[in-house]
Every structure is written in C-alpha cells, then in structure tokens.
Student: 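Submitted below is the structure of interest, expressed as structure tokens.
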Amino acid sequence: MTSPAPAPEPGWHLNANGQRQWWDGSAWGPVDAAHIAPTVQPGVVMVRNAKLKTKSTAYILAILFGTAGVHRFYLRRFGTAWVMLIASLLSFPFRLDDQHPGSAAIGWGTIAVLVVWVLVDLIFIPEIVRDVNR
C-alpha cells in the first residue's frame, strides 16, 4: 500500500499548465503573471539564439559589393541576389569587347541599372533587416 504524497512546501510551484502558482500550504493562490510560460501554437517553431542581421553590415556589403548582390545574400533575398550576381558577371565580357561598340554599351548599361538598384536598396535596407529579423 502506498502512502499519499506529502503536500508541497509553501511557495511558488509549477502547475499543470507550466505556470508558476503560489501554494500557501493549504490552497493554491494566484498565478505569477510575470512568469507565465509562453504558449506555442501548433506548427509554429520558436527559434532561439538565431543570428540577427544588422543594418550596418548590410550597408557595408551594399556599398562595397552591391552590384554583385552580396548584401541581398546576407539579407536572405536569394532570388534577387542571384539575378544581381549573374547580371554583374555577364556584364564583364560585354564591357571588355572593344570590337563591338554596342556590346560595351550593353555591359555598362547593365552596371548602371545595378548601381541604381543598389541605391534603391540603400533606402530600403532598414525595412528589409526588420523583416528578416522577425
């Protein structure tokens, strides 16, 4: 035959819902609102210690390597990052072609479009960083 479990000592204890609740020795008291465990919705994954992206790093990458799209890789905008990188790489042979003056215009025109794109990105980096860090 087993004996009943002894009553817990008076103080804060975790209840069945994972919340801290006061036990005065004879009855349960209020739940500690400051230490309520977070509720997790089904299908939602909580990530802890994720590395947050910073605006300063994004700005430095955009200024130094903007036309190659490095800042977009950093900000997890992989689709447009690949577009910028490929366009930048494909513009090199066009810019180096001295035999066809039209091809040089295509190469430099591509770089000009990428520079404008980077300038627009410089305006929107704070918003993009906020979205990525959510």
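Starting from 1, each residue takes its place in the sequence as its number.
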Student: What's the spacing between L85 CG and T67 OG1 if we round to 0.5 Å?
Tutor: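 Output value for this atom pair is 9.5 Å.
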Student: Find the distance between CG (L75) and OG1 (T80) and round it off to the nearest 0.5 Å.
Tutor: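 Result: 9.5 Å between the selected atoms.
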Student: Roughly how far, to the nearest 0.5 Å, is CG of L52 from OG1 of T57?
Tutor: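 Reported value, rounded in 0.5 Å steps: 11.5 Å.
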Student: Any non-hydrogen side-chain atom of H71 less than 4.5 Å from a side-chain atom of V118?
Tutor: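 SC-SC contact between H71 and V118 confirmed.
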Student: Any side-chain heavy-atom pair from S91 and I111 closer than 4.5 angstrom?
Tutor: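 They are in side-chain contact.
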Student: How about F94 and W108: are their ring centroids closer than 6.0 Å?
Tutor: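 No, ring centres 6.0 Å or more apart.
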Student: On a heavy-atom basis, which atom in Y74 and which in K53 lie closest, and how many Å separate them?
Tutor: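 Minimum heavy-atom contact is O-CE, 3.3 Å.
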Student: If you measure from CG on L114 to CG on D121, what distance do you get to the nearest 0.5 Å?
Tutor: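 Spacing of CG (L114) from CG (D121) equals 10.5 Å.
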Student: Return yes when atom CZ of F124 has more than 12 non-hydrogen atoms of other residues, nucleotides or ligands closer than 6.0 Å, and no otherwise.
Tutor: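 Check fails, neighbour count at 12 or below.
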Student: If you count every heavy atom of other residues, nucleotides or ligands that lies below 6.0 Å from F65 atom CZ, does the total exceed 12?
Tutor: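 Atom CZ in F65 is not packed in, count stays at 12 or less.
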Student: Measure the spacing between CG of N133 and CD1 of I128 and express it to the nearest 0.5 Å.
Tutor: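 Going from CG on N133 over to CD1 on I128, the span is 12.0 Å.
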Student: Could you tell me whether the side chain of M84 reaches within less than 4.5 Å of the side chain of R72, counting heavy atoms only?
Tutor: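 A side-chain contact exists here, since the closest heavy-atom pair is under 4.5 Å.
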Student: Roughly how far, to the nearest 0.5 Å, is CG of L89 from OG1 of T110?
Tutor: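 Going from the OG1 atom of T110 to the CG atom of L89 covers 12.0 Å.
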